[in-house]
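First the structure, in the form of structure tokens, and then the observations on it.
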Amino acid sequence: RMVTSRIKWLEVLMIACCLFSCATSDHTPNQKIATVKEYKKVGEHGSSTLYDVVFDDQSMNYQWPIQVLDLKGSSYEQGYAYGYLQGPRIVESYDLFMGSLIGKGILDVFARQVLALALEWQWGYLSQQVPQEYLDEIQGASDGGRDAGVPELFDIGKIVAETIVLANAPGDIKDFLYILIDEFSKSTGFDITGLDLGEVKNIQGLQCSMFGVWGQRTQDGQLFSARNLDWNKDTGLAINKLLTIRHPKNGYAHATFGYGPVVGALTGVSEKGITVHEANLEENEITFYGFPWTLRLRFIMENAKNLKEGVALWKSTNNTVGFNHMIGSSADAPEGPAAVCMETMRDYTAYFYDDDPREAAAQFKGKQIGFPLKDAVWRTNHGYDPTIRQHYEWGQSVTTWSMQRYLFAHEAFASYERNNVKIGYEQAINITSILGDKGRSPYQCTDSTTGSNVLSVTYQPRDKYAYAAWEDGSGESWRPASCNPYVKFDLSKFW
């Protein structure tokens, strides 16, 4: 939520400084890092295997288990195994998810059918620049789900396509009008893309965050990176937590963290140490004639082994809706830059490396709002490029929740520097957890349902470790991801 406050920007920074100095420790606010005892095999098809994660400390257990799906074979075969091994759980979690968005009454069933038709219609545009191997994978998911006994009404491939469209949609449904205008203009030749839709107010959108830090700020100069997904909570997806490992025939193995119905990368890391990240950025120059970001990030992990190659792949493909993205590269640490933030909208990307002067020069009503640092990059839900800011749909004020979280990250890096603390995995997880939306305070986990953080992941790609936390529970027992155990995954076991 882009919540405004009457606190002035300097007061926000001072409060962040004071709170962080009190909260800084070598652990997350809830001090829980879970280690994996065993990957218990619960299913297999062909060369692909499904595991349940078993913890050393049973008190760390989630209400619903975390699963690991290790996929091998051709694109179609991996999609088939995905549909076959995950199909029934996908149907259950996606049905709960759609019910949470629309409702479960008789009229809501009709509304869901209308929404499904609308998503299928938009997939017709969004799929046009999707590489054939991903389309083959989606077809495989349809066939695998059918052969696993999933009713035809719940085609797994269609569910996958729907989730890709939903993930690629603007944070504010009002801004979908810009996409429809773009489609009308391209299909008719009548350009109305400059149509003024008026000021957007009372936004209730996404509030994600991400960062990369390396060099003089970290232990051994290695890269640590992170991503928080703050979104609709308690939707039912938590019953289908999934770490997916993919081994493409002609690319690099990679892992994605998220939920069963999502085949793309909400976030992820590759065997080459490439990490990918996203945070919403509400722009009015947007389109569905491009590469959907959840698959685009997978494409980068599959094909890049360093930052230069990752950026080149980004430049060779097309943007869709406004997002902040980040690519991290362990191979480029410690010298750096080992990560780049990308502020995007239709046909335009602004690239920000560490200590960028454009970020330092950004102002709002005469007040500085950018505080870049050497050997670190980070973003929440606003931009710093002048063109991006010109098309930004949400509040620019330095007192927005996005700006406050940007300052929390800055103060975390600056505080460790002042105290001569080199950031290791515990400090990186600490920063990740602070930035995940927990409601009342970024520095405390209260025993309540406040917050909207549904996925929180820290990467240590040099050593092939990832630390991931998911939302868990439902109703009054729901708790945000950043207040649940961060599970330490040793990905060297899979590649």
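These numbers come from a predicted model, not from an experiment. Start at 1 with the first residue, then count along the sequence.
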Open item on the list: Tell me whether the count of non-hydrogen atoms from other residues, nucleotides or ligands lying under 6.0 Å of CD in Q58 goes above 12.
Closed with: yes
Task: Minimum heavy-atom distance S477-Q63, with the two atoms named - done: OG-OE1, 3.9 Å
Open item on the list: Just so I know, are the side chains of I156 and S142 near enough to count as touching, which here means a heavy-atom distance under 4.5 Å?
Closed with: no
- [ ] Taking the side chain as every heavy atom from C-beta outward, state whether E343 and R379 have any atom pair closer than 4.5 Å.
- [x] yes
Task: Pairs where residues 121-145 contributes a residue and the test salt bridge (charged side-chain N to carboxylate O under 4.0 Å, His left out) is met, not counting sequence neighbours - done: E137-R246, E137-R298, D143-R146
Task: Listed partners of Y459 passing side-chain hydrogen bond (donor to acceptor under 3.5 Å, both in side chains), at least two apart - done: T267
Task: K422, NZ: over 12 other non-hydrogen atoms inside 6.0 angstrom - done: yes
TODO: List the steps and the verdict of side-chain contact (heavy atoms from CB on, under 4.5 Å) for E162 and W123.
DONE: CA-CA 7 Å; E162 288 179 11; W123 176 242; over 6 Å; no
Task: Proximity of F494 and F489 rings by center, below 6.0 Å - done: no
- [ ] Supply the atom-to-atom distance L455 CG to L237 CG, rounded to the nearest 0.5 angstrom.
- [x] 11.0 Å
Open item on the list: Looking at V269, is its backbone amide N or carbonyl O close enough to the side chain of H254 to form a donor-acceptor pair, meaning the two atoms are under 3.5 Å apart?
Closed with: no
Task: Check: S482 main-chain N/O paired with N453 side-chain donor or acceptor under 3.5 Å - done: yes
TODO: Examine distances only and state if a side-chain atom of S100 and a backbone atom of F97 form a donor-acceptor pair shorter than 3.5 Å.
DONE: yes
Task: Min side-chain heavy-atom separation L223-T218 under 4.5 Å - done: no
Open item on the list: Can you confirm whether Q132 is buried at CD, in the sense that more than 12 heavy atoms of other residues, nucleotides or ligands lie under 6.0 Å from that atom?
Closed with: yes
Task: side-chain hydrogen bond (donor to acceptor under 3.5 Å, both in side chains) involving Y425 - partner list, sequence neighbours excluded - done: none
Task: Distance-minimising heavy-atom pair for Y94 and L166 - done: OH-CD1, 4.0 Å
Task: Taking every non-hydrogen atom, the tightest pair across R462 and D220 - done: NH1-CB, 3.4 Å
TODO: Check W314, W293, F291 against F323 for a ring-ring contact (aromatic ring centres under 6.0 Å, His included) and give me the one that passes.
DONE: W293
Open item on the list: How close do K233 and V454 get, counting heavy atoms only, and between which atoms?
Closed with: CA-CG1, 4.0 Å
TODO: To the nearest 0.5 Å, tell me how far K32 NZ sits from C445 SG.
DONE: 8.5 Å
Task: Pairwise distance CD(Q78) to CG(D70) - rounded to 0.5 angstrom - done: 9.0 Å
TODO: Sequence neighbours left out, what passes side-chain hydrogen bond (donor to acceptor under 3.5 Å, both in side chains) with Y84? Give chain and number order.
DONE: none
TODO: Begin with the C-alpha distance, continue with both residues' side-chain angles, and end with the deciding distance and a verdict on side-chain contact (heavy atoms from CB on, under 4.5 Å) for L126 and T320.
DONE: CA-CA 9 Å; L126 196 56; T320 54; 4.0 Å; yes
Task: Sidechain-backbone polar pair: D155 side chain, G157 backbone, donor-acceptor under 3.5 Å - done: yes
Open item on the list: Between I300 and I274, is there a side-chain heavy-atom distance shorter than 4.5 Å?
Closed with: yes
Task: Heavy-atom side-chain proximity of N319 to I286 below 4.5 angstrom - done: no
- [ ] Kindly say whether R479 contributes a backbone atom to a donor-acceptor pair with the side chain of D472 at under 3.5 angstrom?
- [x] no
Task: Test item: N324 and M210 side chains (from C-beta on) under 4.5 Å apart, heavy atoms - done: yes
- [ ] With rounding to the nearest 0.5 Å, note down the distance linking OH in Y259 to CG in L266.
- [x] 8.5 Å
TODO: Kindly say whether Y486 contributes a backbone atom to a donor-acceptor pair with the side chain of K488 at under 3.5 angstrom?
DONE: no
- [ ] Please work out which of the three classes, parallel, tilted or perpendicular, describes the rings of H410 and W378, given edges at 30° and 60°.
- [x] tilted
Task: Test item: T163 side-chain N/O and V160 main-chain N/O as donor-acceptor pair under 3.5 Å - done: yes
TODO: With sequence neighbours excluded, tell me which residues meet ring-ring contact (aromatic ring centres under 6.0 Å, His included) with F154.
DONE: none
TODO: Check whether the side chains of S209 and N228 place a donor and an acceptor atom closer than 3.5 Å, and report yes or no.
DONE: yes
- [ ] Compare all side-chain heavy atoms of T287 with those of N318 and state whether any distance is below 4.5 angstrom.
- [x] no
- [ ] Check whether any side-chain N or O of Y82 sits under 3.5 Å from a backbone N or O of G260 as a donor-acceptor pair, and report yes or no.
- [x] yes
- [ ] Could you tell me which non-hydrogen atom of L307 sits nearest to which non-hydrogen atom of A338, and how far apart they are?
- [x] CD2-C, 4.1 Å
Open item on the list: Quick check against the 3.5 Å criterion: does E411 have a side-chain atom that pairs as donor or acceptor with the backbone of F408?
Closed with: no
Open item on the list: Quick check for you: to the nearest 0.5 Å, what is the distance between T244 atom OG1 and L71 atom CG?
Closed with: 6.5 Å
Task: Pairs involving residues 43-52, ordered by first then second residue, that meet side-chain hydrogen bond (donor to acceptor under 3.5 Å, both in side chains) (sequence neighbours left out) - done: D52-Q67
Open item on the list: Please determine whether side-chain contact (heavy atoms from CB on, under 4.5 Å) holds for the pair I327 and M342, giving the CA-CA distance in whole Å, both sets of side-chain angles, and the decisive distance to 0.1 Å.
Closed with: CA-CA 8 Å; I327 303 173; M342 301 176 294; 3.7 Å; yes
Open item on the list: Can you confirm whether P442 sits close enough to L435 that some side-chain heavy atom of one is under 4.5 Å from a side-chain heavy atom of the other?
Closed with: no
Open item on the list: Tell me the closest heavy-atom pair linking L96 and G236, and the distance in Å.
Closed with: CB-CA, 3.8 Å
Task: Side-chain (E471) to main-chain (D234) donor-acceptor, under 3.5 angstrom - done: yes
Task: Geometric class of the Y62/F55 ring pair [parallel <30°, tilted 30-60°, perpendicular >60°] - done: tilted
Open item on the list: Within this structure, what is the SG-CD distance for the pair C483 and Q444, rounded to the nearest 0.5 Å?
Closed with: 10.0 Å
Open item on the list: So if I apply the side chain to side chain contact (heavy atoms under 4.5 Å, CB included) rule between I245 and each of L491, L69, T256, which one comes out positive?
Closed with: L491
- [ ] Please assess T380 against R405 for the test side-chain hydrogen bond (donor to acceptor under 3.5 Å, both in side chains), listing each intermediate value before the final yes or no.
- [x] CA-CA 7 Å; T380 49; R405 288 180 292 116; 4.9 Å; no
- [ ] For N240 and E92, run side-chain contact (heavy atoms from CB on, under 4.5 Å): C-alpha distance rounded to whole Å, both residues' side-chain angles, the deciding distance at 0.1 Å, then the answer.
- [x] CA-CA 9 Å; N240 198 186; E92 181 183 7; over 6 Å; no
